[in-house]
There are 2 protein chains.
Amino acid sequence: MSRTRVPVTLEEHKMALSCLRGRIVLIDDYPEILSALVPLFEMEGYYCESYLSAESYLDYDAERPLPFPGPWCVLSDVKLPGIDGLELQRVLIEKGNPPLILMSGNSGALEAVEGLRKGAIDFLIKPFDADDLLSVISDAMIKSCQTQQEAREVSNANERYALLTTREAEIIDRVLLGKINREIAEELDIALRTVKLHRQHAFEKLGVVKVVELVKVISLVKKD
Amino acid sequence: MSRTRVPVTLEEHKMALSCLRGRIVLIDDYPEILSALVPLFEMEGYYCESYLSAESYLDYDAERPLPFPGPWCVLSDVKLPGIDGLELQRVLIEKGNPPLILMSGNSGALEAVEGLRKGAIDFLIKPFDADDLLSVISDAMIKSCQTQQEAREVSNANERYALLTTREAEIIDRVLLGKINREIAEELDIALRTVKLHRQHAFEKLGVVKVVELVKVISLVKKD
DNA sequence: TAAACAACTACCCCAAAGGGCAAGGCAACA
DNA sequence: TGTTGCCTTGCCCTTTGGGGTAGTTGTTTA
């Protein structure tokens, strides 16, 4: 094993650390809000991007090569010129559904209900407390981590499952129903040895050794 | 098997049918609301109780012998004299957390946010459409059925799990980690035969035959 | 004090799982 | 036409699971 030491600037190092803590996409059409919140978030160790409109964020996001790899969330005002917070929510749900925190100046109950019903983490009503905000952000980051972790596991399981041939899938489906090899052989009208072989291949492809592990992997596949 | 035919009145039969469709506990301090909604719900085949205050419902509920066995939900106004909708929500969460739908005349964004954050199914803003209301009610009943079904399964699994002796639980824990009997025997420094015996007893008590079934039962126990 | 229960063990049995080795049939593809 | 992948099988072997019978020890309870 060789460790290569890549030279980095202090700036790059700081940014890497911030990304580790989490990235906040902040959208508000009031410049004062941005200039008040960005330093707050950066002080807390987050990496924060700010936008004056949902469009400017979405445009920037569209031309980006890869999705952000660490925990992140979007904090957006509901009332925005052009695409508003609720429309933004619809777009975000399409593309990965990152944790979204909505905020609003005037108490718009209808917007709040719609936003929360569609899965927003929270709906903050201005003016709000900085500590409350940070606490909500923290929750969002935790949720983001969990979601990403789970997404990785699910896609891993799906990739492995996709490697199975039709016959192999047929056989492990029956294994999961608690059937024993002999029963499966009779059901499919094939030799016991054949069942064992498919089962063995399927286990190898799925990267499992025991039935318990099999159940866990397949439970990830069969639930999206 | 003998079927006994119990004589019932037409009224009782109708009520039984309504209970099957679902029970709605309606709370609003405006009598006009109650007299408008109760017939609507009954027309739809629900069994509907109405109250002018949260207290009167909670009092009535306290002296009742058994919780309602079928699907049900609570539909309550937020602004009530005495105990308001949000306080009622706190109480309900304590006692079984049935599906709760909140409604409000004035657009109180703060209440809406708090209610939804604490798990209310929906927050309706008056005036609302009858069809919307019925659709939400229907969702709530579905959720109630699912919750009750799951609660039954979980409590069943817990009862069975509670029957296990310490040793038996130790052994099935290790079985769930994918360990084989020989490994478990070495770990606990007991004879292989003893492991088999405990395993056998545990399987009998849990009502399972295969490892796959074991995983399902225990997943219900280990997640509350 | 006897009974019930939990935990433990040895000896012995059979069924099932797991897998190595060798090999045939069939379809797609280069 | 040869290669490759998938599905198939038989023979034979070891390990593991599951369990019957019979017995010991210690603790709790009626």
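All chains are named by letter (A, B, ...) in the order of the sequence lines, taking the proteins before the strands, and each is independently numbered beginning at 1.
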| request: Taking heavy atoms of chain B and a 4.0 Å limit, find me the 5'-most and 3'-most nucleotide of DNA chain C within that range. | output: dA6(C) to dC11(C)
| query | What bend angle does the helix from dT1(C)-dA30(D) to dA30(C)-dT1(D) show across its length, from five-pair end axes and to the nearest 10 degrees? | reply | 30°
| message | Short of 4.0 Å, heavy atom to strand atom, which residues of residues 170-195 of chain B count as contacting DNA chain C? | response | I190(B), A191(B), R193(B), T194(B)
| Nucleic acid contacts of residues 196-217 of chain A, taken as heavy-atom distances under 4.0 Å to DNA chain C | K196(A), R199(A), Q200(A)
Anything under 3.5 Å between a donor and an acceptor, one on a side chain of residues 83-93 of chain B, the other on a protein residue two or more places apart or in another chain? List them.
| unit_1 | atom_1 | unit_2 | atom_2 | d |
| --- | --- | --- | --- | --- |
| D84(B) | OD1 | L86(B) | N | 3.1 |
| D84(B) | OD1 | E87(B) | N | 2.9 |
| Q89(B) | NE2 | G115(B) | O | 3.0 |
| R90(B) | NH2 | E114(B) | OE2 | 3.3 |

| said: Taking L164(A)'s backbone N and O only, do any of them form a donor-acceptor pair with K205(A)'s side chain (distance below 3.5 Å, no angle check)? | reply: no
| note | Residues at least two apart in sequence or cross-chain that pass side chain to side chain donor-acceptor pair (under 3.5 Å) with R117(B), listed by chain then number, are D122(A)
| Bounds of contact between DNA chain D and chain A, in 5' to 3' order, using a heavy-atom cut-off under 4.0 Å | dC6(D) to dC11(D)
| query | Do you know which two heavy atoms are closest between V154(A) and L220(A), and how far apart they sit? | reply | CG1-O, 3.9 Å
| field | Results of side-chain contact (heavy atoms from CB on, under 4.5 Å) for E213(A) - residues two or more places apart only | value | V208(A), V209(A), K210(A)
| request: Sort and list the pairs that fulfil salt bridge (Lys or Arg N to Asp or Glu O under 4.0 Å) and have at least one residue in residues 141-163 of chain B, not counting sequence neighbours. | output: E150(B)-K223(B)
| field | Flag, side chain of Q148(B) to backbone of C145(B), donor-acceptor distance under 3.5 Å | value | no
| query | Is the shortest side-chain N to carboxylate O distance from E44(B) to R21(B) below 4.0 Å? | reply | yes
| Results of side chain to side chain donor-acceptor pair (under 3.5 Å) for S50(B) - residues two or more places apart only | none
| Do side-chain atoms of S76(B) reach the backbone of L102(B) as a donor and acceptor pair under 3.5 angstrom? | no
| R23(B) NZ/CZ over Y47(B) ring centroid, <6.0 Å and within 45° of normal | no
| note | residues 52-71 of chain A vs salt bridge (Lys or Arg N to Asp or Glu O under 4.0 Å), sequence neighbours excluded, gives E49(A)-R64(A), D61(A)-R64(A), D61(A)-K95(A)
| note | Contacts of S53(A) meeting side chain to side chain donor-acceptor pair (under 3.5 Å) (sequence neighbours excluded), chain-then-number -> S56(A)
| request: Identify the heavy atoms of I27(A) and V74(A) that sit nearest to each other, and give their distance. | output: CD1-CG1, 4.3 Å
| query | Under a 4.0 Å N-O cut-off, is there an ion pair linking K179(B) with E187(B)? | reply | yes
